[in-house]
Amino acid sequence: MKKKLIVLIFCGFCLVAFQIHNTIVFKEPLKWPKANYDFLKNPLSAQKIELGRALFYEPMLSRNNTISCASCHSQYTAFTHVDHDLSHGIDDRIGTRNSPALMNLAWHKVFMWDGAVNHLDVQALAPISHPDEMDEKIENVIIKLQKTKIYPNLFKNAFGDSLITGENTLKAISQFMLTLVSANSKYDSVMRKQTTFTLQEKNGYSLFKKNCSSCHKEPLFTNLEFENNGLPLDKDLKDVGRMKVTKNSKDSIKFKVPTLRNIEFSYPYMHDGRFKRLSDVLKHYTEKVQQGPSLSKQLLNPIVLTSNEKVDLIAFLLTLTDKEFIFNPKFSYPKKIFSTTPQE
Ligand code: HEC
Ligand code: HEC
């Protein structure tokens with residue numbers, strides 16, 4: 001009898017352990033560098049990713065339950081806020097920077113345009129507590145989530161405990177963001193030799209490798225460094241970028257190099273959204289690069305492009321569009337979770 005009980009308890013334990021620890025292994029796309037995120041400290045599981053997805057779309061993360069992460073990071077624009085130069089948050093307050101597109105974050109070492117945040121697992125605290133973004137305290141978020149019908153269950157499925165904690169909330173949000181991998185554009189198919197570039201795209205690719213790829217490095221299309229790409233300082237915003245964090249004048253007007261994947265959708269461009277079109281961006285690089293002590297050395301010599309070459313370069317940039325990413329149902333609003341169980 002005793003033996004049977006022990007076996008029963010043991011089996012029960014195994015079942016729970018299996019449910020909790022059915023980890024998903026993060027796979028880097030072929031020939032990509034190794035991801036930077038330490039998955040051993042936050043092993044991926046389907047339940048945690050699903051919880052993170054719900055939290056990403058959850059307006060309860062904001063003071064008055066109106067703003068979710070997705071308000072400023074919308075899937076259809078590669079998880080940026082399309083058409084907004086500066087981000088719009090709670091009570092229609094306007095921030096000071098353009099919301100960056102979110103993808104391939106597992107490779108990033110630091111976050112934000114100036115690298116002010118050094119780990120993905122704490123990144124979400126910044127928008128949650130920012131007075132112009134969600135203006136809420138994580139303690140309140142937890143109280144609100146705990147009172148719902150759905151979240152204690154989702155946390156139990158994910159972490160084996162229906163008691164919601166800040167740490168688990170942040171880890172789950174990270175998990176969802178880590179799954180946002182964009183690696184299936186036409187460019188990627190060409191690299192895999194499954195298709196070919198048109199002549200125009202091919203020429204654009206050569207121009208890109210000559211003029212742009214030292215900073216927008218393949219395959220992520222960012223070298224993940226801070227660079228000054230010659231934009232004049234905005235007189236009103238006076239955003240000095242990386243120097244805000246390091247206080248070193250060498251870093252003045254340096255910003256984290258953004259990826260160019262899905263660039264077709266993530267306009268307006270630059271840290272303050274000052275350019276609407278890719279042609280404006282190329283006009284900047286060919287005619288308006290401002291010299292200065294912190295200008296990145298790659299731009300010391302002017303970039304010269306004929307108008308035909310500009311057209312070709314843009315044709316290449318459009319091959320970085322990844323429709324599978326933009327329309328991936330796994331990344332969209334989790335209708336099923338939110339509709340099957342009433343939230344209150
Ligand atoms: C009001 C708009 C707004 C909301 C809401 C918002 N963000 Fe952001 N997000 C931004 C802006 C603007 C930045 C750039 C901030 C900076 O550089 O200082 C940013 C930056 C980020 C980054 C860094 C990306 C990179 O490449 O470095 C991540 C990750 C991110 N947000 C995730 C989230 C998550 C998760 C939430 C919800 C908890 C969220 N955001 C809510 C506007 C928003
Ligand atoms: C010296 C490094 C460097 C070089 C070379 C460079 N860029 Fe950039 N690029 C950056 C940085 C840094 C930013 C962000 C600047 C900011 O927001 O203030 C940026 C931003 C962009 C953006 C806006 C992305 C977004 O999401 O807002 C585009 C598009 C772009 N670059 C295209 C190009 C093209 C095309 C070339 C070649 C003609 C090029 N870049 C060359 C560093 C570089």
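Residue numbers run from 1 in the order of the sequence given.
Summarising the geometry, atom CG belonging to D132 is positioned 10.5 Å from atom NE2 belonging to H88; distances are rounded to the nearest 0.5 Å. Put simply, CD1 on I314 and CD on Q200 are 10.0 Å apart, with the number rounded to the nearest 0.5 Å. Between the CE atom of M191 and the CG atom of L30 there is a distance of 13.0 Å, given to the nearest 0.5 Å. Between T179 atom OG1 and L105 atom CG the span is 10.0 Å, to the nearest 0.5 Å. The OG atom of S206 lies 10.5 Å from the CG atom of L313; values are rounded to the nearest 0.5 Å. Within the model, atoms CG of L120 and CG of D38 stand 12.5 Å from one another, a figure rounded to the nearest 0.5 Å.
Side chain to side chain, T306 and N308 fail the donor-acceptor criterion of an N or O pair below 3.5 Å. In summary, the side chains of N140 and E136 do present a donor paired with an acceptor at a separation below 3.5 Å, with no hydrogens or angles considered. A donor and an acceptor atom, one from each side chain of E264 and T321, are located under 3.5 Å apart. Residues N262 and S182 have side chains that bring a donor and an acceptor to within less than 3.5 angstrom of each other. Side-chain atoms of E309 and N203 include no donor-acceptor pair closer than 3.5 Å. Of the N and O atoms on the side chains of E218 and Y205, at least one donor lies less than 3.5 Å from an acceptor on the other residue. Defined by atom type and a distance below 3.5 Å, a donor-acceptor pair is missing between the side-chain atoms of Q47 and N157.
The environment of CG in N118 is sparse: at most 12 heavy-atom neighbours from other residues, nucleotides or ligands sit within 6.0 Å. A 6.0 Å sphere centred on CG of L199 holds no more than 12 heavy atoms belonging to other residues, nucleotides or ligands. With a 6.0 Å radius and a threshold of 12 heavy atoms from other residues, nucleotides or ligands, R93 has its CZ atom above the threshold. Counting non-hydrogen atoms of other residues, nucleotides and ligands closer than 6.0 Å to NZ of K144 gives a total above 12.
Within the 4.5 Å cutoff, the side chain of K48 has no heavy atoms near those of the L51 side chain. Considering only heavy atoms from C-beta on, N211 stays 4.5 Å or farther from Y285 through its side chain. Using a 4.5 Å heavy-atom cutoff, the side chains of R53 and S332 are in contact. M134 has its side chain out of reach of R63: every pair of non-hydrogen atoms, C-beta onward, lies at least 4.5 Å apart. Contact check for R274 versus P232: side-chain heavy atoms found under the 4.5 Å cut-off. For the pair T286/K310, a side-chain contact is recorded, criterion being any heavy-atom separation below 4.5 Å from C-beta on. The shortest side-chain heavy-atom distance between E58 and L145 falls under the 4.5 Å cut-off. Residues N98 and L86 fail the side-chain proximity criterion, which asks for heavy atoms closer than 4.5 Å.
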**Asked** Does the pair T195 and S189 meet the rule for a side-chain contact (heavy atoms from CB on, under 4.5 Å), with working shown?
**Response** CA-CA 6 Å; T195 181; S189 305; 3.4 Å; yes
**Message:** With ring-ring contact (aromatic ring centres under 6.0 Å, His included) as the criterion, how do W107 and F26 come out once you've worked through the C-alpha distance, each side chain's angles and the decisive distance to 0.1 Å?
**Reply:** CA-CA 12 Å; W107 285 267; F26 185 84; 5.6 Å; yes
**Prompt:** Can you check side-chain contact (heavy atoms from CB on, under 4.5 Å) on F265 and T80, steps first, answer last?
**Reply:** CA-CA 9 Å; F265 304 107; T80 174; over 6 Å; no
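Checked for salt-bridge contact, R277 and D280 meet the test: a charged N lies under 4.0 Å from a carboxylate O. In summary, D114 and R97 engage in a salt bridge, as defined by a charged side-chain N under 4.0 Å from a carboxylate O. Checked for salt-bridge contact, E225 and K256 miss the test: no charged N lies under 4.0 Å from a carboxylate O.
A pairwise comparison of heavy atoms in V181 and N104 identifies CA-OD1, 3.2 Å as the closest pair. Nearest approach of D239 to H271, heavy atoms of both residues: OD2-CD2, 3.8 Å. Contact record, P100 with H73: O-ND1, 3.3 Å, taken as the closest heavy-atom pair. In terms of heavy-atom proximity, Q123 sits nearest to M112 at NE2-CE, 3.3 Å. Heavy-atom minimum distance, S174 versus D121: OG-OD1, 2.7 Å. Taking both residues in full, the closest heavy atoms of A54 and Y151 are given as O-OH, 3.5 Å, listed atom of the first, atom of the second, then distance.
Grouping the Ile, Leu, Val, Met, Phe, Trp and Tyr side chains by contacts below 4.5 angstrom, directly or via other members, places V257 apart from V117. Both M177 and I24 belong to a common hydrophobic cluster when Ile, Leu, Val, Met, Phe, Trp and Tyr are linked at side-chain heavy-atom distances under 4.5 angstrom. Clustering ILVMFWY residues whenever any of their side-chain heavy atoms sit less than 4.5 angstrom apart, transitively, puts L224 in a cluster other than the one holding I253. Hydrophobic clustering places F338 together with I49 (ILVMFWY residues linked when any side-chain heavy atoms are closer than 4.5 Å, directly or through intermediates). Under the 4.5 Å side-chain heavy-atom criterion for grouping Ile, Leu, Val, Met, Phe, Trp and Tyr, I173 is connected to Y333 within one hydrophobic cluster.
The aromatic rings of Y267 and Y269 stand perpendicular to each other, their planes meeting at an angle above 60°, with 30° marking the opposite boundary. The aromatic rings of F176 and F331 sit perpendicular, their planes meeting at an angle over 60°, well past the 30° parallel limit. In this structure, Y187 and F221 have perpendicular ring planes: the angle between them is above 60°, well past the 30° mark. Using a 30° and 60° split on the angle between ring planes, F316 and F197 fall in the perpendicular class, above 60°. Classification of the F56-F79 ring pair by plane angle, with boundaries at 30° and 60°, yields perpendicular.
No close placement of the F226 and F255 rings is indicated, their centers lying 6.0 Å or farther apart.
When each of N248, D251, N228 is tested with S294 by the rule side chain to side chain donor-acceptor pair (under 3.5 Å), just one qualifies, namely N228. Among E227, K250, K254, the one residue that satisfies the side-chain contact (heavy atoms from CB on, under 4.5 Å) test with R242 is K254.
A distance-only check finds a donor-acceptor pair linking the side chain of T77 to the backbone of S74 [under 3.5 Å]. Between the side chain of H216 and the backbone N or O of L260 there is no donor-acceptor pair closer than 3.5 Å.
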